[in-house]
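Reading through the structure tokens given below for one structure.
Note that the structure is a prediction, hence the values are computed from the model and not measured. If you read the sequence from its start, that first residue is 1, and numbering goes on from there.
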Amino acid sequence: ERERERPSDINFHFEFRRRKKNATGKMESEQDAVDLFDFSSYRCGPPRGLLGLLHPPLYLALRCDGTSHRPLPALQLIIDSDRVKNAIELTDEGDGASARRAERVLAGMQSRLTACMTRLSAWFLALLFRRVFRGLWLSGFDLSKLREHASPSTPVVFLPTHRSHIDYLIVSWLCFVHNIEVPHIAAGDNLNMSFLGWLAAKNGAIFIKRQLEAPGATEKDVVYRAVLTSYLQHLLQGGHNLEFFIEGRRSRLGKTGAPKKGLFSILVETIWEDQVEDILLVPVNISYETILERSYARELAGVPKQQESVWSALKSVVFALLGKRGHVCVGVGEPMSLRLMCEVFRDAPSAEEGLSRSHIARLASSVACGIDRQLVPCVPAFVAALLLTFYREGCSFDQLAADVGELLIQCHKLQRRTLLWPYDNAQHATAAALRYLQPGLITEPSATARSRVGVVQPVLEEPHVYNLVFHAHQLISVFNLDSVICLGFIAATEASGSTCVSQAALLNSAYGFAVLFQEEFAVDLSRLDARLQQAFDRLLAEHVFERHDRDIFAIRLRRVPEGEFDYFAFLVQLPAPYIIAYHYASQLHHADRGIDVEDVVTAIHTGRADGEHACVEAAARDICSSALNLIWNQTDDSNEEDGNTASTASTVWGPEALAQVFHALQQNDLVRLDGGEELEDSEVPASADHGDEDNAPASDLELGELRSEEWAFVLEHAGSGNE
């Protein structure tokens, strides 16, 4: 089935071919990955003897030692802790009900991890993964060297992304085969179902309520919080490893969401109170070539989420076993010391009383961004992103493969790894991605992948389009800063009414968009100015933007020659569904503050029917819900006038600013930034190679109006030959 043709020019400049393995089983390339289905790469060594020859998974389960030999904390010790006692005394009415409830809560959430069940599950998972996936790859940090970063008694907390129920199984299996103690997993109490709940607890599950307080509750559940905090802290003090999802629930949109601070704050409190020497945080990002959860698209289309049951779990297992589910790549980052991260705030004014919520939020955002950086995007993500941006009406296979190659080149320049090890070239990877996206997501003639003729066209109807969104929006974590810069340019040009803007205005507008997206994506606001400057410099070097001939601080968009990949248009259209949803939510909120998610969805569908936009995926329930939450949060911030961050964001999310960006996105040609009319050649600022400089429009920042810091730049480079 594979195509063995001469690589194209794009493939020649960016190596796609399979890396040859050396004697140690690792790839020779810098962007190496370990094939986890190659048992010779494990710490226990290659399978030997008759058992290793006949049944390698069973040999692996018996030889690897990822079982925990540490005793579990005694339940009475947790009930007698000061934290739980104080909570019981605070809520007890003299009848002992609070004490009995604390015991019931602890008995329901406790992990019952055993070595025997760990080995049995490792054997079963080895069989399951080899049956379900075509390949399982490990990229990034070598887990076998984890204990070189800390003493054996230091607990390790694994923080994976959450895109399916397979995530925690993969992490536990990775730990086992690398001789790392299998972690205790924070799981929702909705999974505590009869036999499956017992089996999960035997494999380390800690069942936690998804909402600590019931909806509409006016007071916190003090007893439950105290029992949960004390139990997790006793596990950490005993050196046990933990695993939880900092995003909270599973991502229906495929992207890494903003972090939740509940369980993470317990880790910070444990370090701040010196209950443990240190905690190692290991960021893990798991990417799939196919979608393992069938319910995501229906839920985004408005179908209520079904309650988990034994029957639904069995149906999911049967669905996963029907056919191969493509390749999976696990990106692991360098372990992070939580103590070193917390030491930054030791000198804070309120440090003696503990870290504030804002400090914990900054730490959580930093960790979430570390998780986001470990993403190894799969080729179906690039194909889906192109079909949802450039080729909504369809395209040829050759054009699609060529543009996939262009995006892979950009990933390489951003120093991001991509899941290309199983494939020989971009054409082979694109053909495989189209097979994974069929049926239902794209309409493609069966002979297209072989004959290179015909049209590849996406299915843009609900709920199928949301599956494409799940794939495509994984790339937001790769191109987020570049997209923010491009959106900032559109907002700045729309506000100024000119085709040129100053670099300062562009970066200031981009900063506002980064703040706008902080509740939607993993955005680390620390040193954001420097990272935006680096992203802008890279786009300038890539000739996405260019400086004006008469004003070195005036930035304009470079015209893209016909046939060249329009990187700017891709970066702007990738987050377009969020901008459209934000726009309609902002307009509705400005007119009536009593709106809900369905009102925003209706407005988006009405706008699409009226021809205002063609982005059906903007009506995804999760996107509209995030848009409403953003509007409400920013309204509260602006009312409180809490610092510069809120004021910067409010200038971007406001109805007028969002309307300007939305109308700019409506244009088919994204160079139409001035009222929607296409710029004629005479209106484009002249360059040294074409046109007359006297006809160039004046920018909003002339040479005689430079700011002091910009004068310093000019004086520093004066006479150096720099343009």
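Of the N and O atoms on the side chains of Thr154 and Asp278, not one donor lies less than 3.5 Å from an acceptor on the other residue. Counted by atom type alone, Tyr578 and His583 present zero donor-acceptor pairs between their side chains at under 3.5 Å. Side-chain contact of Glu612 with Tyr584: a donor-acceptor pair under 3.5 Å is present, judged by distance alone. In this structure, a donor-acceptor pair under 3.5 Å is absent between the side chains of Gln410 and Arg416. Ser251 and Arg163 share no donor-acceptor pair across their side chains, judged by distance under 3.5 Å alone. Counting only N and O atoms by type, the side chains of Asp529 and Gln533 include no donor and acceptor under 3.5 Å apart.
Between Phe489 and Phe545, the ring planes are tilted. Angles from 30° to 60° get that label. Taking the six-membered ring where tryptophan is involved, the planes of Phe513 and Phe517 are tilted, since the angle between them lies from 30° to 60°.
To the nearest 0.5 Å, atoms CZ (Arg339) and SG (Cys342) are separated by 8.0 Å. From Met341, atom CE reaches atom CD1 of Ile279 across 11.5 Å, with rounding to the nearest 0.5 Å. Between the CG atom in Leu146 and the CZ atom in Phe158 there is a gap of 5.5 Å [rounded to 0.5 Å].
Thr389 contributes a side-chain N or O that, together with a main-chain N or O of Ala385, makes up a donor-acceptor pair within less than 3.5 Å. In terms of modelled atom types and a separation under 3.5 Å, the side chain of Glu247 and the main chain of His162 share a donor-acceptor contact. Although no hydrogens or angles enter the test, the distance criterion places no donor-acceptor pair under 3.5 Å between the side chain of Arg417 and the main chain of Pro377. Between the Arg559 side chain and the Leu557 main chain, no donor and acceptor come within less than 3.5 Å of each other. The closest donor-acceptor contact from the side chain of His613 to the backbone of Pro577 lies at 3.5 Å or more, if one exists at all. With Asn629 contributing its side chain and Ser625 its backbone, the two residues share a donor-acceptor pair below 3.5 Å. Ser265 places a side-chain N or O within donor-acceptor distance of the main-chain N or O of Gly262, the cut-off being under 3.5 Å. With hydrogens and angles ignored, the 3.5 Å screen pairs a side-chain donor or acceptor of Thr270 with a backbone N or O of Ile266. A distance-only check finds no donor-acceptor pair linking the side chain of Asn285 to the backbone of Thr161 [under 3.5 Å].
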| request: Would you please test Cys411 and Phe479 for side-chain contact (heavy atoms from CB on, under 4.5 Å) and show each step? | output: CA-CA 8 Å; Cys411 281; Phe479 301 108; 3.9 Å; yes
| request: Give the intermediate values and the outcome of ring-ring contact (aromatic ring centres under 6.0 Å, His included) for residues Phe390 and Phe565. | output: CA-CA 10 Å; Phe390 289 162; Phe565 183 77; 5.5 Å; yes
| request: Evaluate side chain to side chain donor-acceptor pair (under 3.5 Å) for Thr499 paired with Arg556, printing each intermediate quantity in order. | output: CA-CA 6 Å; Thr499 58; Arg556 63 185 179 188; over 6 Å; no
| request: Check the pair Asp167, Tyr288 against side chain to side chain donor-acceptor pair (under 3.5 Å), reporting the backbone distance first and the verdict last. | output: CA-CA 10 Å; Asp167 299 331; Tyr288 303 89; 2.4 Å; yes
| Could you walk me through whether Phe245 and Leu263 pass the side-chain contact (heavy atoms from CB on, under 4.5 Å) check? | CA-CA 9 Å; Phe245 304 101; Leu263 294 180; over 6 Å; no
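In the displayed structure, Glu334 atom CD is contacted under 6.0 Å by more than 12 heavy atoms of other residues, nucleotides or ligands.
Using a cut-off of 4.0 Å between Lys/Arg side-chain N and Asp/Glu carboxylate O, Arg249 and Asp622 are scored as salt-bridged.
The nearest pair of heavy atoms linking Leu414 to Val478 is CD1-O, 3.7 Å.
Residue pairs meeting the salt bridge (Lys or Arg N to Asp or Glu O under 4.0 Å) criterion with at least one member in residues 473-482, sequence neighbours excluded, are Asp482-Arg538.
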